Each structure stands twice: as structure tokens, then as C-alpha cells.
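Quick caveat, the model's predicted, so the values are computed rather than measured.
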Amino acid sequence: MKGSTLAMNKNKFVYTAFLAIAFAATFSACKDKRSTGLEYARNMYDPIAYNPDQPNKNFKDGKTAQLPPAHTKPVGFTEYDEFPNTKEGYEAAGVSMVNPLPVDTINLAQGQHLFKVFCSPCHGEKGDGQGHLVKIEKFSGVPSYFSGSSSRGGEMKALTAGKIYHTITYGVNNMGSHASQITPTDRWKVVMYVQELQKQQ
């Protein structure tokens, strides 16, 4: 009997203690309407790093959000100031831009894969302008790489590497820009593969 009584008293004590803690937590939250009450692991809510809009004593101007140093570029960022999205920029790219990658089986294979993923739905896997989206009549007028004419003038099979690269970067007509989807290096691989398709009949 004594053992069972002790166990019951222990259970009552634990229950009472739990109720007291719960009441204290509730009361502390209600005391101040703006208070969030007791919080577990508060340091998990408060970031160690500064927020961009917070004052920051580590910089002379006291701002956290700093402009990048002059004449610097983020890693992987490429500018196209000299070849803007204009007819003149397109023509200049066609004359000046040269594919920096070596023509080898690895680059061609990767270019073919990227072409299938990003380009073939419209241009077709053979580059004949008969991709899936053309066949189901979502788009029309997609030119063939080896027999069609460019909307900017000239034959598709005569387009230079620079013009193809410029088109991938900025898009033209119904074709949107792929700059956010294909990295600059991968664009050159696509260009390389497209130029292989240009040679086919």
C-alpha cells in the first residue's frame, strides 16, 4: 500500500508541477500583449548575420547592403555590353564572337544533350524546325538550321557562332532568352552542336 501511495503522490506532484509551469507560461504571455511569451531556443530565431537593411558598424557608411567594388563582377556573371540586344549588337556578335571551346566529342555530346533539352521542343532533334511544339501547332514558322531563313536576314545554315550565341542569350521573336537557363559555357556547346546540324541536309 505504501508503494502505491508514494507512486500516486509522485504522479500528483509531476502533474501539479506541469500545471504550474503551463500557468506561468500562459500568464507571462498575457501580461504584456506585445510579448511573445516564453520561447524555446530564442537564439534559433535571431540570426547572427546582419539583415541587409540593418545598420552595420563594420562599414564606414554604416550600411549592411554594400555596392560591389568598382570594376568587379560576380562569379559566373558575364556582361554583354558590347553586344546589346539590338540589330547592331547581333551583327557585331556575328563578326566578333568566336567559340572559345575546342570541337571535340565531349563538347559535342554535351551540346547535343543541351540542345535536346532546351531547343528540340521547337527546333526538332534534327534541327529541321519540326519539334514537338511545332507538330502540335503551339508554334509555327520555326526555321530549319540547314534550309530555312533567319528572321534577321540570311540563311540559317550561314549563321555564325556569334549570331547563334547572341540569339540564345537574348532570344528573338517567339523564342525567349535562355540566358537564365543555360550558362555561357554551355551556350557555346549548344552553338557547336547547332553548327554541326547546319552542315546536314
Side-chain angles (χ1 to χ4, degrees), residues 52 63-201:
K63 297 177 181 177
T64 296
Q66 296 288 308
L67 293 173
H71 312 296
T72 61
K73 297 177 184 177
V75 174
F77 180 78
T78 306
E79 291 181 343
Y80 302 100
D81 291 342
E82 57 184 323
F83 306 112
N85 188 17
T86 62
K87 177 72 174 174
E88 294 75 23
Y90 174 76
E91 294 297 335
V95 174
S96 304
M97 296 185 82
V98 178
N99 196 331
L101 303 179
V103 180
D104 56 33
T105 54
I106 294 174
N107 284 332
L108 278 171
Q110 291 175 348
Q112 181 180 24
H113 171 73
L114 291 163
F115 181 87
K116 284 183 178 181
V117 171
F118 294 104
C119 312
S120 67
C122 292
H123 291 282
E125 290 192 18
K126 298 177 182 178
D128 56 4
Q130 295 299 307
H132 172 71
L133 294 177
V134 173
K135 289 179 180 178
I136 63 173
E137 299 181 353
K138 290 290 183 184
F139 293 105
S140 62
V142 179
S144 165
Y145 287 127
F146 42 82
S147 62
S149 296
S150 168
S151 62
R152 289 175 165 163
E155 294 185 333
M156 291 291 286
K157 65 181 179 181
L159 289 181
T160 64
K163 287 184 176 181
I164 299 169
Y165 187 94
H166 190 278
T167 302
I168 295 171
T169 301
Y170 292 112
V172 62
N173 297 333
N174 286 335
M175 176 180 162
S177 166
H178 285 64
S180 63
Q181 299 165 289
I182 310 175
T183 66
T185 301
D186 284 347
R187 279 174 237 167
W188 284 120
K189 294 175 183 177
V190 174
V191 170
M192 188 181 299
Y193 183 70
V194 168
Q195 291 197 301
E196 287 298 308
L197 293 175
Q198 285 175 315
K199 302 172 186 175
Q200 300 177 16
Q201 297 297 320

Distance-minimising heavy-atom pair for [X] and [Y]:
| X | Y | answer |
| --- | --- | --- |
| F83 | M97 | CE1-CG, 3.6 Å |
| I168 | M175 | CA-CE, 3.9 Å |
| Q198 | M156 | NE2-O, 2.6 Å |

### Query
Who passes side chain to side chain donor-acceptor pair (under 3.5 Å) against T183, sequence neighbours left out?
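Only D186 meet the side chain to side chain donor-acceptor pair (under 3.5 Å) criterion with T183.
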### Query
In chain order, what residues pass the side-chain contact (heavy atoms from CB on, under 4.5 Å) check against T64, with sequence neighbours excluded?
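Residues passing side-chain contact (heavy atoms from CB on, under 4.5 Å) with T64: Y50, Q54, N56.
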### Task
Not counting sequence neighbours, which residues clear side-chain contact (heavy atoms from CB on, under 4.5 Å) with L67? List them please.
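In terms of side-chain contact (heavy atoms from CB on, under 4.5 Å), with neighbours along the sequence ignored, L67 is linked to no residue.
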### Spacing of E88 atom CD and T86 atom OG1 [to the nearest 0.5 Å]
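Nearest 0.5 Å value for the CD-OG1 distance: 4.5 Å.
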### Query
Rounded to the nearest 0.5 Å, how far does OH of Y170 lie from OH of Y165?
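One gets 9.5 Å once the value is rounded to the nearest 0.5 Å.
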### Query
Within the distance-only criterion (no hydrogens, no angle test), does the side chain of R187 pair as donor or acceptor with the backbone N or O of I182 below 3.5 angstrom?
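Yes; at least one donor-acceptor contact below 3.5 Å.
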### Query
Between the main-chain N or O of T167 and the side-chain N or O of H178, is there a donor-acceptor pair closer than 3.5 Å?
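Between the backbone of T167 and the side chain of H178 there is no qualifying donor-acceptor contact (under 3.5 Å).
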Give the table of side-chain donor-acceptor pairs shorter than 3.5 Å for residues 99-128, with sequence neighbours excluded, one pair per line with atom names and distance.
from, atom 1, to, atom 2, distance (Å)
N99, OD1, L101, N, 3.0
N99, ND2, W188, O, 3.0
D104, OD1, I106, N, 3.3
D104, OD1, N107, N, 2.8
D104, OD1, N107, ND2, 3.4
N107, ND2, P102, O, 2.8
Q110, OE1, K189, NZ, 2.5
Q112, NE2, Y193, OH, 3.4
S120, OG, K116, O, 2.5
H123, ND1, Y145, OH, 3.4
D128, OD1, Q130, N, 3.0

### Query
Between Q195 and V191, is a side-chain contact (heavy atoms from CB on, under 4.5 Å) present by the stated rule, with each step listed?
CA-CA 6 Å; Q195 291 197 301; V191 170; 4.2 Å; yes
